[in-house]
Protein chains: 2
Amino acid sequence: MPTRKPPPLRKDARRNRTALLTAAKAAFAEEGLNATLEGIARRAEVSIGTLYRHFPTRMDLVAVVIADKKRAWIKAAETAVAMESAWDGLAFFLERTCELQAGDLAFNDIASMRFPHAPGIEAARKRAYDLGGRIIERAQAEGSLRPDLTPADLAFIVWAQSRISEATHAIDPDAWRRYLAITLDGLRAKAAHPLAVTPLRPRQVMRAQLELGRRRLR
Amino acid sequence: MPTRKPPPLRKDARRNRTALLTAAKAAFAEEGLNATLEGIARRAEVSIGTLYRHFPTRMDLVAVVIADKKRAWIKAAETAVAMESAWDGLAFFLERTCELQAGDLAFNDIASMRFPHAPGIEAARKRAYDLGGRIIERAQAEGSLRPDLTPADLAFIVWAQSRISEATHAIDPDAWRRYLAITLDGLRAKAAHPLAVTPLRPRQVMRAQLELGRRRLR
DNA sequence: CGATAACGTGAGGGGGGCCTCGACTTAAAC
DNA sequence: GTTTAAGTCGAGGCCCCCCTCACGTTATCG
């Protein structure tokens, strides 16, 4: 590996770095990923220059703050694929994804693709997408999931949910569950009526992601 | 009525007003209701001062631009209440609402409550909400709609849809229909599984609206 | 206890949007 | 054609944010 181990940080530097991450985590969660960097520096009681020394770009900060949830997300997908009941796997995956974004506008922004170029997210997204495909296949093979659903549809369902948790996270952190339950009822094979509109092709889904990202961020 | 009829506009003033409205309509539709006023003035080839003379506040501009769609929205609700099949009425109302917001980020912002204080919208909202309640009641009486749905749920469904059309309007203007169809399948009485989470109370719904409005607008 | 590299700082330049206001221009009425 | 109220204009003040950099400070090591 070409990367050298970074030299140890000085004590004050370590303290400031921690303070910045704490402040950023809170600010991003409350205000979304476009929280102002100056505000984060103020919150951490550190000068703006120090913020930039530690995190030269906003993305560097985002990457660290997001890391945990990103891992949790992938793990949820892997767990879902391994569940005995494929339907339960699907429901678990959707619930867990929505749970991660509820009350955390940072992950909400990520899940809604408002930061399409967030670092390290690309890979996680691809992985989650692939796993999502397998979750769907299994549930369709099992006969519990409507046969016309595609992996891209999963993304749209999560995006749609993201607006609901965006609206309700401060009022009732569990409100989104109600609407996810309704959607799940619509996903069952027994409930399915034929869909008149075809799903977006993968290329189009990517463009839709970028479109969401264009909206008032960055 | 205490309002006098306004004096006729000068010819150049009328021309500029029209240009401003045209520009604003386009800008709001493309960029959402927080499109920059300076940009709208540029687009109309008019100075920023002129914009402010005609429309002292952003809301004055929004009110005029939105008016048509607002009426169309109420009309859709009234038509829906009068339809023979209550289920068709519900589907029609939801479809029409989503249709109005698809491809028009201005109405999308309105429907998503991102401008909670938009002028004249308050009344329209109340009317639509009331009509929505009657649409639901009829469909539940008919036995076609799941009995646990409330008027507030309708709002959340539309908000959720708004994110989908936000993402897809430029790629496939009809993509949202696919997800609305899935949601409708979840709304049928036959598809319903009991909902574990209770709906938000009216007071909470209002707070959720304001919450959405807080997000990066104004 | 120096010496020094790492670190912290905040003023300042650049950008952009909001909104105001006084000087200028023009349509319209006589 | 003159008058004048209505209308237009855009510079400029305000605010907030992004990001850089030269200078002062501090931890760490010999």
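Chain letters run A, B, ... following the sequence lines, proteins first and then strands; every chain starts at 1.
Taking every heavy atom of residues 13-20 of chain A and every atom of DNA chain C, pairs under 4.0 Å involve Ala13(A), Asn16(A), by number.
Distance from the side chain of Thr50(B) is smallest to dC9(D) among dC9(D), dT20(D), dT9(C). Distance from the side chain of Arg53(A) is smallest for dC7(C) among the nucleotides dC7(C), dT28(D), dG7(D). Each of dA27(D), dC9(D), dC19(D) was ranked by its minimum atom distance to the side chain of Asp12(A); first place goes to dA27(D).
Separating the CZ atom of Arg43(A) from the P atom of dC17(D) is a distance of 14 Å, rounded to the nearest angstrom. Remark: P of dT20(C) and CG of Leu51(B) are 12 Å apart, rounded to the nearest angstrom. We find that CD1 of Ile48(B) is positioned 13 Å from C1' of dT8(D), with the value rounded to whole Å. Distance Phe55(B) CZ to dG7(D) C1': 14 Å, rounded to the nearest Å. If you measure from atom CG of Asn34(A) to atom P of dC16(D), you get 17 Å, rounded to the nearest angstrom. To the nearest angstrom, C1' of dC19(C) lies 15 Å from CG of Leu61(B). Nucleotide dC19(D) holds its C1' atom 16 Å from the CE atom of Met59(A), rounded to whole Å. When rounded to the nearest whole Å, the span between OH of Tyr52(A) and C1' of dC7(C) equals 18 Å.
Residue His54(A) has no polar side-chain atom (N or O) positioned under 4.0 Å from OP1 or OP2 of dC7(C). At dC18(D), one or more side-chain N or O atoms of Arg58(A) fall inside 4.0 Å of OP1 or OP2 (strictly under the cut-off).
Along DNA chain C, the nucleotide closest to Leu9(B) and the one closest to Ser47(A) are compared, and the more 5′ of them pairs with Ser47(A). Nearest-nucleotide mapping onto DNA chain D: of Gly39(A) and Gly49(A), the residue sitting toward the 5' end is Gly39(A). Each of Glu38(B) and Arg10(B) was matched to the nucleotide of DNA chain C holding its nearest heavy atom; the match closer to the 5' end belongs to Glu38(B).
Atom CG of Leu90(A) sits about 8.0 Å away from atom CD1 of Ile157(A), to the nearest 0.5 Å.
Note on ring orientation: taking the six-membered ring where Trp is involved, the planes of Trp73(B) and Phe107(B) are perpendicular (angle over 60°, cut-offs 30° and 60°). Using the six-membered ring where Trp is involved, Tyr179(A) and Phe156(B) have ring planes that are parallel, under 30° apart on the 30 and 60° scheme.
Among the atoms of the strands shown, only primed sugar atoms or phosphate atoms (P, OP1, OP2) are found under 4.0 Å from some heavy atom of Thr36(A).
Asp174(B) has a carboxylate O that lies under 4.0 Å from a charged side-chain N of Arg177(B), or vice versa, which qualifies the two as a salt bridge. A salt bridge links Asp68(A) with Arg71(A): at least one charged nitrogen is closer than 4.0 Å to a carboxylate oxygen.
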task = Would you please test Asp130(B) and Arg134(B) for salt bridge (Lys or Arg N to Asp or Glu O under 4.0 Å) and show each step?
result = CA-CA 7 Å; Asp130(B) 289 348; Arg134(B) 291 182 38 206; over 6 Å; no
request  = Decide yes or no on side-chain contact (heavy atoms from CB on, under 4.5 Å) for Arg163(A) and Glu166(B), but give the supporting numbers first.
outcome  = CA-CA 11 Å; Arg163(A) 170 139 301 154; Glu166(B) 189 181 331; 2.7 Å; yes
